Amino acid sequence: MVAARAGVSTATVSLVANGKTRGRVSEDNISRVRDAIAELGYVVDGIGSSLAKGVSSIVILVAPDISNPFFAKVIAGVRESLGSDYQLLLSVTDAGEFPQADDVRRLMALRPAGLLVDAPNAEFLEELSAAGPLVLLDAPGLEGYAPSVNLDVAYGARELAAHLAEAGHKCVAYVDSVTGTATFDVRRRAFLEEAAARGISVPPECMLSTTIDVGAAAAAFALAWPQWQRHGVTAVVCGTDTHAYGVLQEARVAGVRIPDELAVAGFDDLPYSATSNPGLTSVHLPATPLGLKAGQQLRSLMEGRPLDQPQLTLESSLVVRGSTA
(Lines give C-alpha, C1' and ligand atoms only; values in the text may rest on other atoms or scores of the structure.)
Protein backbone atom coordinates (compact mmCIF):
# COMPACT_ATOMS: atom_id res chain seq x y z
CA MET A 1 0.00 0.00 0.00
CA VAL A 2 2.84 2.40 0.83
CA ALA A 3 4.66 1.47 -2.36
CA ALA A 4 1.53 2.04 -4.41
CA ARG A 5 0.84 5.39 -2.74
CA ALA A 6 4.44 6.56 -3.28
CA GLY A 7 4.80 5.08 -6.76
CA VAL A 8 7.90 3.05 -5.87
CA SER A 9 8.81 -0.61 -5.30
CA THR A 10 8.24 -2.45 -2.00
CA ALA A 11 12.04 -2.87 -1.79
CA THR A 12 12.41 0.93 -1.78
CA VAL A 13 9.85 1.23 1.00
CA SER A 14 11.77 -1.38 3.02
CA LEU A 15 15.03 0.55 2.60
CA VAL A 16 13.44 3.80 3.74
CA ALA A 17 11.55 2.25 6.66
CA ASN A 18 14.71 0.57 7.94
CA GLY A 19 17.02 3.56 7.47
CA LYS A 20 19.17 1.94 4.76
CA THR A 21 18.83 4.51 2.01
CA ARG A 22 22.38 5.88 1.76
CA GLY A 23 23.58 5.53 -1.84
CA ARG A 24 20.56 3.39 -2.71
CA VAL A 25 17.48 5.62 -2.75
CA SER A 26 17.09 9.12 -4.19
CA GLU A 27 16.05 12.02 -1.96
CA ASP A 28 12.88 12.42 -4.02
CA ASN A 29 11.85 8.80 -3.46
CA ILE A 30 12.73 9.04 0.25
CA SER A 31 10.44 12.05 0.58
CA ARG A 32 7.60 10.35 -1.29
CA VAL A 33 7.87 7.17 0.80
CA ARG A 34 7.96 9.12 4.07
CA ASP A 35 4.90 11.11 3.04
CA ALA A 36 3.05 7.89 2.17
CA ILE A 37 4.08 6.30 5.49
CA ALA A 38 2.78 9.33 7.38
CA GLU A 39 -0.49 9.37 5.46
CA LEU A 40 -1.14 5.64 5.96
CA GLY A 41 0.20 5.39 9.52
CA TYR A 42 2.51 2.52 8.58
CA VAL A 43 4.95 1.03 11.11
CA VAL A 44 7.46 -1.76 10.61
CA ASP A 45 6.21 -5.13 11.90
CA GLY A 46 8.95 -5.75 14.46
CA ILE A 47 7.69 -9.22 15.40
CA GLY A 48 7.52 -10.31 11.78
CA SER A 49 10.98 -8.91 11.19
CA SER A 50 12.38 -10.71 14.24
CA LEU A 51 10.87 -14.00 13.02
CA ALA A 52 12.58 -13.54 9.68
CA LYS A 53 15.94 -12.65 11.21
CA GLY A 54 15.70 -14.97 14.23
CA VAL A 55 16.30 -12.05 16.61
CA SER A 56 14.82 -8.62 17.29
CA SER A 57 16.41 -5.30 18.21
CA ILE A 58 14.88 -5.48 21.70
CA VAL A 59 17.06 -5.54 24.81
CA ILE A 60 15.33 -6.60 28.03
CA LEU A 61 16.44 -5.12 31.35
CA VAL A 62 15.23 -7.08 34.38
CA ALA A 63 15.24 -4.92 37.52
CA PRO A 64 13.83 -5.49 41.00
CA ASP A 65 11.85 -2.77 42.71
CA ILE A 66 11.89 -0.05 40.04
CA SER A 67 10.52 2.34 42.68
CA ASN A 68 14.13 2.76 43.85
CA PRO A 69 15.35 6.03 42.23
CA PHE A 70 18.79 4.43 41.84
CA PHE A 71 17.51 2.42 38.89
CA ALA A 72 16.54 5.54 36.92
CA LYS A 73 20.23 6.43 36.67
CA VAL A 74 21.15 2.84 35.77
CA ILE A 75 18.57 2.87 32.97
CA ALA A 76 19.94 6.18 31.66
CA GLY A 77 23.38 4.61 31.37
CA VAL A 78 22.03 1.55 29.57
CA ARG A 79 20.07 3.69 27.11
CA GLU A 80 23.14 5.80 26.31
CA SER A 81 25.22 2.71 25.56
CA LEU A 82 22.60 1.05 23.35
CA GLY A 83 21.91 4.17 21.26
CA SER A 84 19.19 4.12 18.62
CA ASP A 85 20.05 0.66 17.30
CA TYR A 86 18.22 -1.15 20.08
CA GLN A 87 14.94 -0.69 21.94
CA LEU A 88 15.05 -1.12 25.73
CA LEU A 89 12.22 -3.08 27.35
CA LEU A 90 11.94 -3.08 31.16
CA SER A 91 10.78 -6.11 33.11
CA VAL A 92 9.90 -4.87 36.59
CA THR A 93 7.85 -5.90 39.61
CA ASP A 94 5.93 -4.31 42.44
CA ALA A 95 7.94 -2.79 45.29
CA GLY A 96 9.65 -5.40 47.43
CA GLU A 97 9.14 -8.25 44.96
CA PHE A 98 11.83 -9.83 42.82
CA PRO A 99 11.13 -10.66 39.14
CA GLN A 100 9.99 -14.21 38.47
CA ALA A 101 11.93 -16.33 35.98
CA ASP A 102 8.68 -17.48 34.32
CA ASP A 103 7.68 -13.88 33.60
CA VAL A 104 11.03 -13.14 31.97
CA ARG A 105 10.94 -16.37 29.94
CA ARG A 106 7.59 -15.30 28.49
CA LEU A 107 9.24 -12.08 27.32
CA MET A 108 11.91 -14.16 25.59
CA ALA A 109 9.22 -15.01 23.01
CA LEU A 110 9.93 -11.53 21.62
CA ARG A 111 13.34 -12.89 20.54
CA PRO A 112 15.39 -10.18 22.31
CA ALA A 113 18.86 -9.43 21.06
CA GLY A 114 20.16 -9.52 24.63
CA LEU A 115 19.28 -9.56 28.31
CA LEU A 116 20.46 -7.44 31.25
CA VAL A 117 19.68 -8.51 34.83
CA ASP A 118 20.15 -5.96 37.62
CA ALA A 119 20.79 -7.06 41.23
CA PRO A 120 19.77 -10.72 40.79
CA ASN A 121 20.06 -13.63 43.17
CA ALA A 122 21.38 -17.11 42.37
CA GLU A 123 17.97 -18.79 42.52
CA PHE A 124 16.55 -16.47 39.87
CA LEU A 125 19.49 -17.03 37.51
CA GLU A 126 19.33 -20.82 37.89
CA GLU A 127 15.60 -20.84 37.13
CA LEU A 128 15.99 -18.47 34.18
CA SER A 129 18.57 -20.48 32.20
CA ALA A 130 18.50 -17.86 29.44
CA ALA A 131 20.18 -18.55 26.12
CA GLY A 132 21.81 -15.74 24.17
CA PRO A 133 23.78 -12.67 25.24
CA LEU A 134 23.42 -11.96 28.97
CA VAL A 135 25.13 -9.44 31.27
CA LEU A 136 24.59 -9.04 35.01
CA LEU A 137 24.65 -5.73 36.89
CA ASP A 138 25.42 -5.30 40.59
CA ALA A 139 25.58 -9.07 41.15
CA PRO A 140 28.45 -9.69 43.59
CA GLY A 141 29.32 -13.35 44.03
CA LEU A 142 27.38 -14.39 40.93
CA GLU A 143 30.10 -13.78 38.34
CA GLY A 144 30.15 -17.48 37.39
CA TYR A 145 26.75 -17.20 35.72
CA ALA A 146 27.56 -14.57 33.08
CA PRO A 147 29.72 -11.51 32.31
CA SER A 148 29.11 -8.93 35.03
CA VAL A 149 29.56 -5.28 35.93
CA ASN A 150 29.64 -4.99 39.70
CA LEU A 151 29.89 -2.30 42.34
CA ASP A 152 32.40 -2.64 45.18
CA VAL A 153 29.68 -2.14 47.79
CA ALA A 154 31.70 -4.01 50.42
CA TYR A 155 34.44 -1.38 50.39
CA GLY A 156 31.95 1.44 50.95
CA ALA A 157 30.25 -0.51 53.73
CA ARG A 158 33.55 -0.99 55.53
CA GLU A 159 34.39 2.68 55.14
CA LEU A 160 31.05 3.59 56.65
CA ALA A 161 31.63 1.33 59.66
CA ALA A 162 35.06 2.88 60.17
CA HIS A 163 33.57 6.39 59.98
CA LEU A 164 30.97 5.63 62.64
CA ALA A 165 33.55 3.98 64.89
CA GLU A 166 35.84 6.99 64.65
CA ALA A 167 32.88 9.19 65.59
CA GLY A 168 32.51 7.19 68.81
CA HIS A 169 29.36 5.16 68.07
CA LYS A 170 29.09 1.89 69.99
CA CYS A 171 25.56 0.67 69.22
CA VAL A 172 24.09 0.97 65.71
CA ALA A 173 20.80 -0.07 64.07
CA TYR A 174 20.47 -1.34 60.50
CA VAL A 175 17.55 -0.89 58.05
CA ASP A 176 17.65 -3.35 55.14
CA SER A 177 15.71 -4.01 51.93
CA VAL A 178 13.25 -6.91 51.76
CA THR A 179 14.17 -7.82 48.15
CA GLY A 180 16.83 -10.32 49.25
CA THR A 181 19.20 -9.66 46.36
CA ALA A 182 22.92 -10.40 46.51
CA THR A 183 24.01 -6.76 46.59
CA PHE A 184 22.07 -6.07 49.79
CA ASP A 185 23.47 -9.21 51.40
CA VAL A 186 27.02 -8.10 50.60
CA ARG A 187 26.66 -4.54 51.90
CA ARG A 188 24.99 -5.76 55.11
CA ARG A 189 27.56 -8.48 55.82
CA ALA A 190 30.51 -6.20 55.08
CA PHE A 191 29.17 -3.49 57.38
CA LEU A 192 28.39 -5.89 60.22
CA GLU A 193 31.81 -7.57 60.01
CA GLU A 194 33.71 -4.28 60.00
CA ALA A 195 31.49 -2.85 62.73
CA ALA A 196 32.16 -5.85 64.97
CA ALA A 197 35.90 -5.59 64.32
CA ARG A 198 35.79 -1.96 65.43
CA GLY A 199 33.81 -2.55 68.60
CA ILE A 200 30.36 -1.54 67.31
CA SER A 201 27.41 -3.73 68.25
CA VAL A 202 24.32 -4.17 66.06
CA PRO A 203 21.77 -6.01 68.22
CA PRO A 204 19.41 -8.36 66.32
CA GLU A 205 16.49 -6.39 67.81
CA CYS A 206 17.87 -3.29 66.09
CA MET A 207 17.78 -4.75 62.57
CA LEU A 208 14.71 -4.43 60.36
CA SER A 209 13.74 -4.69 56.69
CA THR A 210 11.24 -2.75 54.58
CA THR A 211 10.46 -2.11 50.95
CA ILE A 212 12.52 0.62 49.32
CA ASP A 213 9.99 3.30 50.11
CA VAL A 214 10.23 6.51 52.18
CA GLY A 215 6.87 5.99 53.87
CA ALA A 216 7.54 2.35 54.75
CA ALA A 217 10.94 3.21 56.23
CA ALA A 218 9.47 6.12 58.22
CA ALA A 219 6.73 3.92 59.68
CA ALA A 220 9.21 1.17 60.58
CA PHE A 221 11.50 3.67 62.29
CA ALA A 222 8.62 5.15 64.28
CA LEU A 223 7.81 1.71 65.69
CA ALA A 224 11.43 0.72 66.32
CA TRP A 225 12.83 3.94 67.78
CA PRO A 226 11.66 3.41 71.41
CA GLN A 227 13.34 0.00 71.51
CA TRP A 228 16.47 1.34 69.82
CA GLN A 229 16.70 4.00 72.49
CA ARG A 230 16.57 1.33 75.21
CA HIS A 231 19.49 -0.44 73.52
CA GLY A 232 21.48 2.80 73.36
CA VAL A 233 21.45 3.15 69.57
CA THR A 234 23.18 6.36 68.44
CA ALA A 235 23.36 5.71 64.68
CA VAL A 236 21.38 3.92 61.99
CA VAL A 237 22.70 2.60 58.70
CA CYS A 238 20.20 2.16 55.86
CA GLY A 239 20.59 -0.18 52.90
CA THR A 240 19.53 2.64 50.52
CA ASP A 241 19.25 6.40 50.64
CA THR A 242 15.50 6.02 50.15
CA HIS A 243 15.27 4.19 53.47
CA ALA A 244 17.40 6.90 55.06
CA TYR A 245 15.07 9.63 53.80
CA GLY A 246 12.22 7.91 55.63
CA VAL A 247 14.25 7.74 58.84
CA LEU A 248 15.19 11.43 58.56
CA GLN A 249 11.57 12.39 57.91
CA GLU A 250 10.19 10.50 60.92
CA ALA A 251 13.09 11.57 63.15
CA ARG A 252 12.15 15.22 62.54
CA VAL A 253 8.53 14.46 63.42
CA ALA A 254 9.65 12.76 66.64
CA GLY A 255 11.95 15.64 67.55
CA VAL A 256 15.09 13.49 67.30
CA ARG A 257 18.15 15.69 66.72
CA ILE A 258 20.27 14.64 63.74
CA PRO A 259 23.19 13.91 64.17
CA ASP A 260 23.49 14.88 67.87
CA GLU A 261 21.01 12.27 69.07
CA LEU A 262 21.00 9.93 66.08
CA ALA A 263 23.40 9.73 63.13
CA VAL A 264 21.88 8.49 59.84
CA ALA A 265 23.65 7.07 56.78
CA GLY A 266 22.63 5.30 53.56
CA PHE A 267 23.82 3.72 50.31
CA ASP A 268 23.51 4.99 46.70
CA ASP A 269 24.30 8.72 47.13
CA LEU A 270 21.22 9.84 45.21
CA PRO A 271 21.11 13.51 44.11
CA TYR A 272 18.71 14.45 46.93
CA SER A 273 21.23 13.27 49.52
CA ALA A 274 23.40 16.33 48.97
CA THR A 275 20.47 18.72 49.41
CA SER A 276 18.51 17.07 52.25
CA ASN A 277 18.49 18.78 55.64
CA PRO A 278 20.91 17.78 56.99
CA GLY A 279 22.86 16.41 54.03
CA LEU A 280 22.87 12.61 54.10
CA THR A 281 26.11 10.68 54.58
CA SER A 282 26.03 7.94 51.95
CA VAL A 283 28.12 5.34 50.15
CA HIS A 284 28.41 6.63 46.59
CA LEU A 285 27.58 3.97 44.00
CA PRO A 286 28.13 5.03 40.35
CA ALA A 287 24.69 4.16 38.96
CA THR A 288 24.96 5.71 35.49
CA PRO A 289 28.43 4.23 34.78
CA LEU A 290 27.06 0.87 35.95
CA GLY A 291 24.34 0.96 33.29
CA LEU A 292 26.71 2.37 30.67
CA LYS A 293 29.37 -0.31 31.15
CA ALA A 294 26.82 -3.12 31.27
CA GLY A 295 25.18 -1.87 28.08
CA GLN A 296 28.56 -1.69 26.37
CA GLN A 297 29.39 -5.24 27.44
CA LEU A 298 26.06 -6.54 26.17
CA ARG A 299 26.35 -4.66 22.89
CA SER A 300 29.73 -6.28 22.25
CA LEU A 301 28.23 -9.72 22.86
CA MET A 302 25.20 -9.02 20.66
CA GLU A 303 27.45 -7.86 17.84
CA GLY A 304 29.79 -10.84 18.11
CA ARG A 305 32.79 -9.09 19.62
CA PRO A 306 34.79 -10.79 22.41
CA LEU A 307 34.97 -9.09 25.81
CA ASP A 308 38.41 -7.94 26.94
CA GLN A 309 37.21 -7.98 30.58
CA PRO A 310 34.14 -10.15 31.15
CA GLN A 311 34.08 -9.12 34.83
CA LEU A 312 34.26 -5.41 35.73
CA THR A 313 34.06 -3.81 39.19
CA LEU A 314 33.35 -0.11 39.73
CA GLU A 315 34.59 1.61 42.88
CA SER A 316 32.41 2.89 45.69
CA SER A 317 33.30 5.71 48.06
CA LEU A 318 31.99 7.20 51.28
CA VAL A 319 30.57 10.73 51.12
CA VAL A 320 30.37 12.24 54.62
CA ARG A 321 27.73 14.91 55.21
CA GLY A 322 25.88 16.53 58.09
CA SER A 323 23.70 13.54 59.04
CA THR A 324 26.70 11.88 60.73
CA ALA A 325 29.29 14.64 61.09
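What you are looking at is a predicted structure, and each value in this text was computed from that prediction instead of being measured.
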Exercise. Ion pair present between Arg32 and Asp28, side-chain N to carboxylate O less than 4.0 angstrom?
Worked result: yes
Exercise. Charged N to carboxylate O under 4.0 angstrom, Glu303 versus Arg299?
Worked result: yes
Exercise. Ignoring hydrogens and geometry, is there a side-chain-to-backbone donor-acceptor pair from Thr281 to Ala265 under 3.5 Å?
Worked result: no
Problem set entry | Under 3.5 Å: donor-acceptor pair, side chain of Ser276, backbone of Pro278 | yes
Problem set entry | Phe184 six-ring face occupied by Arg187 cation (under 6.0 Å, within 45°) | yes
Any side-chain heavy atom of [X] sitting closer than 4.5 Å to one from [Y]?
{"X": "Val172", "Y": "Val236", "answer": "no"}
{"X": "Leu280", "Y": "Tyr245", "answer": "yes"}
{"X": "Cys206", "Y": "Gln227", "answer": "no"}

Exercise. Looking at CG of Leu115 and CE of Met108, how far apart are the two atoms once the value is rounded to the nearest 0.5 Å?
Worked result: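 Rounded to the nearest 0.5 Å, the CG-CE separation comes to 5.5 Å.
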Show the atom names and distances, to 0.1 Å, of all donor-acceptor pairs under 3.5 Å that link a side chain in residues 138-146 to residues at least two apart or in another chain.
| from | atom 1 | to | atom 2 | distance (Å) |
| --- | --- | --- | --- | --- |
| Asp138 | OD1 | Thr183 | OG1 | 3.0 |
| Asp138 | OD2 | Thr183 | OG1 | 3.2 |
| Glu143 | OE1 | Gly141 | N | 3.1 |
| Glu143 | OE2 | Gly141 | N | 3.4 |
| Glu143 | OE2 | Asn150 | ND2 | 2.9 |
| Tyr145 | OH | Glu126 | OE2 | 2.7 |

Exercise. Under the side chain to side chain contact (heavy atoms under 4.5 Å, CB included) criterion, do Leu318 and Tyr155 qualify, and how do the steps go?
Worked result: CA-CA 9 Å; Leu318 179 65; Tyr155 175 81; over 6 Å; no
Exercise. So with a 6.0 Å cut-off around CG of Asp308, is the heavy-atom count from everything else above 12?
Worked result: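 No, the 6.0 Å shell around CG holds no more than 12 heavy atoms from other groups.
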